[in-house]
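Down below is the structure, laid out as structure tokens.
Start at 1 and go down the list; that is how both ligands and their atoms are numbered. The residues of the chain are indexed from 1 along the displayed sequence.
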Amino acid sequence: MKCKVCREPAVIDIRRHNANFCGDHFLKLVRDQTQKAIDEFKMFAPGERILVAVSGGKDSLALWDILLELGYEANGLYIGLGIGGYSDRSGDQVRAFAAERGLKLEQIELRDQYGYDVPTAAAVTKRVPCSACGLSKRHLFDKAALQGGYDAVATGHNLDDEAAVLFGNTLRWQTEYLARQHPVLPARPGFPRKVKPLVRLGEREMAAYCVLRGIDYIVEECPMAVGNKHIGYKEALNAIEATSPGAKQAFYFGFLARAVERFADAAPAYAEAGDTAACTRCGVPTTSEICAFCRLLERTAGAEPVHLTIKGKRVDA
Ligand code: Q46
Ligand code: ZN
Ligand code: ZN
């Protein structure tokens with residue numbers, strides 16, 4: 001197996017590109033593909049300030065590293081979700097990454113700063129943890145980006161993630177979600193621009209990138225992700241990709257090129273929407289008097305911390 005570029009021994013094969021690469025040329029490919037996504041979707045320009053949402057996993061740490069290598073000004077933001085040992089370990093990983101490289105990392109601990117954690121919010125609201133978790137992350141990333149004067153929030157979603165989400169949204173024809181499934185969501189009043197620079201790269205490539213760059217990341221998944229639909233969609237797409245290399249890329253980029261625009265009407269919030277009111281507590285635009293995040297704060301205020309369980313079994317150790 002030889003590198004497509006230099007003919008030296010290759011360390012990785014990428015079947016959808018029908019090519020093998022040595023370490024150096026693979027790292028170059030990853031950076032080039034990221035830059036290509038940034039340019040193609042007009043994510044941001046040199047000189048703009050980026051806030052990277054880091055979780056401690058391979059994708060977000062690799063993204064932070066790649067953006068810095070490409071010469072962008074990128075700081076990290078980590079949110080401690082209070083999901084037991086998983087959150088402790090992921091926070092340690094992020095802090096070690098930033099400290100070793102002398103990077104600027106902002107940190108928010110839900111329990112310390114907002115008086116709740118994800119397991120407690122899930123118990124109080126009687127909904128799946130991902131619901132309160134996603135709401136909290138969106139609100140706090142938006143707020144941190146606006147307050148810090150950042151031009152965009154970047155997340156580590158890769159091609160496998162985006163193809164799996166698209167697959168799920170398509171299975172159920174969730175047109176509102178389909179309309180918003182774009183690698184860039186433009187800024188609108190009260191909300192920063194959101195970008196996904198890794199959409200041209202797969203999960204396996206991100207893991208290889210971390211190994212080659214000496215990036216330690218948390219391998220374990222969030223205990224709440226285990227067994228969820230998203231993982232099932234990924235497995236289904238992996239089975240298709242195995243016999244049809246390039247299928248994922250064709251599915252996702254074909255959607256962006258030929259279909260996403262057709263759903264634009266289904267997401268009025270992102271169209272030239274009429275003005276919404278401001279949350280009377282925190283000021284973010286909302287359709288009701290109090291925004292969903294402030295309602296969550298109200299509901300979780302004073303609630304006893306709970307342990308995270310799935311079907312009665314504790315999963316947060
Ligand atoms: S949403 Fe759900 Fe993730 Fe939050 S509770 Fe875990 S699996 S971390 S991306
Ligand atoms: Zn090479
Ligand atoms: Zn609010």
*asked:* If we only look closer than 2.8 Å, how many protein N, O or S atoms does the Zn ion (ligand 3) have near it?
replied: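 Counting protein N, O and S atoms closer than 2.8 Å to the Zn ion (ligand 3) gives 4.
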
*Can you name the one residue among L296, L297, T300 that meets side chain to side chain contact (heavy atoms under 4.5 Å, CB included) with Y114?*
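Going through L296, L297, T300 one by one, the side chain to side chain contact (heavy atoms under 4.5 Å, CB included) with Y114 is satisfied by L297 alone.
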
*Same cluster for L81 and V52 if Ile/Leu/Val/Met/Phe/Trp/Tyr side chains link at under 4.5 Å?*
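Different hydrophobic clusters.
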
*Which of the numbered atoms in ligand 1 are below 4.0 angstrom from a heavy atom of K137?*
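Heavy-atom distances to K137 below 4.0 Å select 1 (S), 3 (Fe), 4 (Fe), 8 (S), 9 (S).
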
*Are there any protein N/O/S atoms under 2.8 Å from atom 6 (Fe) of ligand 1, and if so, which?*
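Those protein N, O or S atoms (cut-off: under 2.8 Å from atom 6 (Fe) of ligand 1) are C222 SG.
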
_Contact summary for E203 and N158, nearest pair of heavy atoms_ =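 That closest heavy-atom pairing would be OE2-ND2, 3.5 Å.
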
*Vertex the Zn ion (ligand 2), arms to C22 SG and H25 ND1, rounded to 10°*: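 Approximately 100° at the metal, rounded to tens of degrees.
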
*What is the SG(C3)-the Zn ion (ligand 2)-SG(C6) angle, to the nearest 10 degrees?*
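Approximately 110° at the metal, rounded to tens of degrees.
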
*Answer yes or no: does atom OH of Y177 have more than 12 heavy-atom neighbours from other residues, nucleotides or ligands under 6.0 Å?*
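Atom OH in Y177 is not crowded, with 12 or fewer foreign heavy atoms closer than 6.0 Å.
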
*Answer yes if the side chains of Y72 and Q35 hold a donor-acceptor pair under 3.5 Å, and no otherwise.*
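Present: a donor and an acceptor within the cut-off.
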
*Between K248 and N238, do the side chains contain an N or O donor and an N or O acceptor separated by less than 3.5 Å?*
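Looking only at side-chain atoms, N238 and K248 do form a donor-acceptor pair, the distance falling under 3.5 Å.
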
*Please work out which of the three classes, parallel, tilted or perpendicular, describes the rings of H182 and F41, given edges at 30° and 60°.*
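Aromatic pair F41/H182 classed perpendicular.
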
*Begin from the C-alpha positions of R95 and D92 and carry the test salt bridge (Lys or Arg N to Asp or Glu O under 4.0 Å) through to its verdict.*
CA-CA 5 Å; R95 285 183 283 271; D92 289 347; 3.1 Å; yes

*Between OG on residue S244 and CG on residue L237, distance to nearest 0.5 Å*: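 With rounding to 0.5 Å, OG (S244) is 11.0 Å from CG (L237).
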
*When E205 is tested against each of K58, R15, R16, R200 for salt bridge (Lys or Arg N to Asp or Glu O under 4.0 Å), which residue passes?*
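Between E205 and the candidates, salt bridge (Lys or Arg N to Asp or Glu O under 4.0 Å) is satisfied uniquely by R16.
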
